[in-house]
Amino acid sequence: MIPPPDTFVAVPEPTAQALQYFRGNQLLWLVNTLLGLAIPALFLFTGWSAKLRDAAKRMGKAWYPTLVLYLVFFTVLTSLITLPLDFWSGFTRQHDYGMSNQTLAKWWKDFGIGMLVSLVLGAVTIWVPYLLIRKSPKRWWLWTAMVAVPGICGLILLQPIAIDPLFNDFGPMKDKDLEQKILALADRAGIEGSRVYEVAKSEDTKAVNAYVTGFMDTKRIVLWDTTIAKLDERQLLFVMGHEMGHYVLGHIWKTIAIAGLGIAFVLWAAHRLSRGLIDRFGDRFGFNELSDVASLPLILLIANLIGFVASPAALAYSRWQEHDSDRFGLEITRDNWAGASAFVKLQEENLGVPRPGLLYKVFRAGHPPLGERVDFCNTYKPWATGEPMRHAGRFKE
């Protein structure tokens with residue numbers, strides 16, 4: 001029997017396995033947060049950063065090669081320090097909980113590709129802040145943030161076509177009938193030139209997901225093949241309506257603008273705090289100017305600390321965007337059951353905990369808790385009550 005659109009969906013209790021997985025994730029988050037502070041501090045207070053700079057200078061001779069070589073040394077050493085934890089959390093643990101299909105060879109391949117991509121992007125960009133620190137010691141943080149915004153735009157533009165395909169195979173949807181229904185929904189949402197891609201994510205994971213990526217000519221909606229396999233057509237159309245909401249509501253551009261402001265604030269804090277730290281600990285650090293590339297761990301340390309303090313505000317904004325897209329998905333499909341049951345399926349397949357508590361929500365959740373999303377899908381029905389729909393003017397009735 002096909003459930004009517006207004007069918008109530010109960011929020012299931014989390015399984016014992018899901019609760020255990022959740023507690024482990026909490027511990028991993030805490031460890032990774034502490035490592036994000038401890039590792040840069042270790043490089044600074046042991047003088048390792050200055051020694052890496054000296055080695056990079058001997059090998060690179062000139063200014064730019066020295067920057068790049070330092071970045072390579074620092075990135076490789078940092079990755080080696082975190083490798084045991086990354087392997088356990090990203091491979092061993094996922095297999096232990098039945099969440100992964102990934103082979104050991106594929107994990108190492110993705111690890112290597114990820115490091116190479118990070119190094120290439122770092123080599124392309126690291127000279128910008130250090131040149132600006134030299135040229136404008138008092139305003140470098142502002143100019144760097146202004147340069148970062150077009151840089152973020154360029155990365156978002158290129159990621160779907162130059163980076164993501166390095167990790168998984170992307171292609172057109174195999175189910176052409178479903179693809180046509182998704183494109184019809186996109187047309188109704190007013191999204192021109194829509195493209196839907198199916199990614200072979202089942203080689204890595206059993207989890208389900210979908211997302212929007214790119215913009216302008218590279219904009220696309222991506223569905224994991226696991227999502228197509230595990231959700232029915234109505235649930236998939238709601239998920240697509242949610243993802244289309246991010247485009248129609250301008251979330252990508254708003255996020256870029258806020259990210260630019262966030263980068264400016266973090267770099268301003270690094271500018272303000274670094275002088276006092278260098279004056280006090282410069283002998284131990286092995287440098288006395290922020291323009292020295294050995295200062296990179298200091299900038300990262302301050303950035304990670306400020307990022308942690310500011311994360312509740314950033315996550316709250318992200319949750320607001322996701323909630324707004326849930327509303328859009330419901331208004332364009334008018335299928336409450338599809339939305340609520342899709343989130344229940346997400347909980348079951350991803351070992352989710354529907355009501356994780358306030359601390360988790362404040363410090364970790366970029367999406368509303370699944371229990372709250374199911375509750376919203378069960379109750380938001382303005383088309384049935386005669387109440388105005390917030391986004392009705394944005395799509396074709």
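Remember, predicted model here, so these are calculated numbers, not experimental data. Basis for what follows: all heavy atoms, side chains included, without hydrogens, waters or symmetry-related copies.
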Polar side chain donor-acceptor pair, Tyr21 to Gln17, under 3.5 angstrom: no

Going by heavy atoms in the side chains, are Thr213 and Asp164 under 4.5 Å from each other? yes

Just by distance, do the side chain of Asn32 and the backbone of Leu28 share a donor-acceptor pair under 3.5 Å? yes

Where the side chain of Ser100 meets the backbone of Gln94, is there a donor-acceptor pair that is under 3.5 Å apart? no

Might you work through the salt bridge (Lys or Arg N to Asp or Glu O under 4.0 Å) test for Arg390 and Glu331, ending with a clear yes or no? CA-CA 8 Å; Arg390 181 172 298 180; Glu331 290 184 356; over 6 Å; no

Step by step, would you call Phe91 with Asp110 a side chain to side chain contact (heavy atoms under 4.5 Å, CB included)? CA-CA 11 Å; Phe91 184 80; Asp110 287 352; over 6 Å; no

Please check: side-chain N/O of Arg355 versus main-chain N/O of Pro369, any donor-acceptor pairing under 3.5 Å? no

Nearest heavy-atom approach of Glu289 to Arg275 is OE1-NH1, 3.6 Å

Is there a path of hydrophobic side-chain contacts, each under 4.5 Å between heavy atoms of I, L, V, M, F, W or Y residues, that connects Leu296 with Ile302? yes

Check the orientation of Trp29 and Phe363. Use parallel for under 30°, tilted for 30 to 60°, and perpendicular for over 60°. tilted

If hydrophobic clusters are built by linking Ile, Leu, Val, Met, Phe, Trp and Tyr wherever their side-chain heavy atoms come under 4.5 Å apart, do Trp63 and Leu71 end up in the same one? yes

Hey, is the main chain of Gly36 close enough, under 3.5 Å, to the side chain of Asn304 for a donor-acceptor pair? yes

Between Glu179 and Arg195, does a salt bridge (Lys or Arg N to Asp or Glu O under 4.0 Å) hold up when you go through it step by step? CA-CA 9 Å; Glu179 182 181 39; Arg195 282 168 290 185; over 6 Å; no

Passes salt bridge (Lys or Arg N to Asp or Glu O under 4.0 Å), Asp326 versus Arg319? Steps please. CA-CA 10 Å; Asp326 285 349; Arg319 289 195 301 273; over 6 Å; no

Pair Asn168-Glu203, side-chain donor/acceptor within less than 3.5 Å: yes

Just by distance, no angles: are the side chains of Ser325 and His242 close enough, under 3.5 Å, to form a donor-acceptor pair? no

Using atom types as modelled and distance alone, determine if a side-chain donor or acceptor of Thr333 lies under 3.5 Å from a backbone N or O of Phe238. no

Heavy-atom closest pair, residues Tyr70 and Ala56: N-CB, 3.6 Å

Decide whether a cation-pi geometry holds between Arg220 and Tyr197; the criteria are a distance under 6.0 Å from NZ or CZ to the six-membered ring centre and an angle within 45° of the ring axis. yes

For Ile263 and Ala148, work out which heavy atoms get closest and say how close. CD1-CB, 3.9 Å

Salt bridge flag under 4.0 Å for residues Lys181 and Asp175: no

Salt-bridge criterion met for Lys106 and Asp204 (N-O under 4.0 Å): yes

Name all residues meeting the side-chain contact (heavy atoms from CB on, under 4.5 Å) criterion together with Ala303; count only those two or more places apart in sequence or in a different chain, and write none if there are none. Val266

Asn350 side chain near Val208 side chain, heavy-atom distance below 4.5 Å: yes

Cut-off 3.5 Å, side chains only: do Thr255 and Gln321 have a donor facing an acceptor? yes

Can you name the closest pair of heavy atoms from Ala200 and Asp225 and give their distance? CA-OD2, 3.5 Å

Once side-chain contact (heavy atoms from CB on, under 4.5 Å) is applied, do any residues pair with Asp187, and if so which ones, sequence neighbours excluded? Lys396

Just checking, is any N or O donor in the side chain of Arg93 or Asn25 under 3.5 Å from an acceptor N or O on the other one? yes

Would you confirm whether Ser89, through its side chain, and Leu85, through its main-chain N or O, come within 3.5 Å as a donor-acceptor pair? yes

Pick out which of Glu322, His323, Glu372 makes a side chain to side chain contact (heavy atoms under 4.5 Å, CB included) with His367. Glu322

So do the side chains of Val222 and Val212 get within less than 4.5 Å of each other, counting heavy atoms only? no

Which pairs with one or both residues in residues 39-65 pass salt bridge (charged side-chain N to carboxylate O under 4.0 Å, His left out), sequence neighbours excluded? Arg53-Asp292

Using 30° and 60° as the class limits, which term best fits the ring planes of Phe285 and Phe281: parallel, tilted or perpendicular? tilted

In the single-linkage hydrophobic clustering (I, L, V, M, F, W, Y; side-chain heavy atoms under 4.5 Å), do Leu52 and Phe45 co-cluster? yes

Over 60° means perpendicular and under 30° means parallel, so tell me whether Trp140 and His271 are parallel, tilted or perpendicular. perpendicular

Please confirm whether the ring centroid of Phe87 lies under 6.0 Å from the ring centroid of Phe111. no

Between Asp335 and Pro5, what is the shortest heavy-atom contact and its length? OD1-CA, 3.5 Å

Donor-acceptor pair, Ser295 side chain versus Ser291 backbone, under 3.5 Å? no

Go through the steps for Glu349 and Lys206 under the test salt bridge (Lys or Arg N to Asp or Glu O under 4.0 Å), then give the verdict. CA-CA 7 Å; Glu349 296 295 335; Lys206 296 178 182 177; over 6 Å; no

Heavy-atom closest contact (Leu77 atom, Phe43 atom, distance): CB-CZ, 3.9 Å

Face-on cation placement of Arg327 at Phe376 ring, 6.0 Å and 45° thresholds: no

For the residue pair Tyr97 and Gln20, establish whether any side-chain heavy-atom pair is separated by less than 4.5 Å. yes

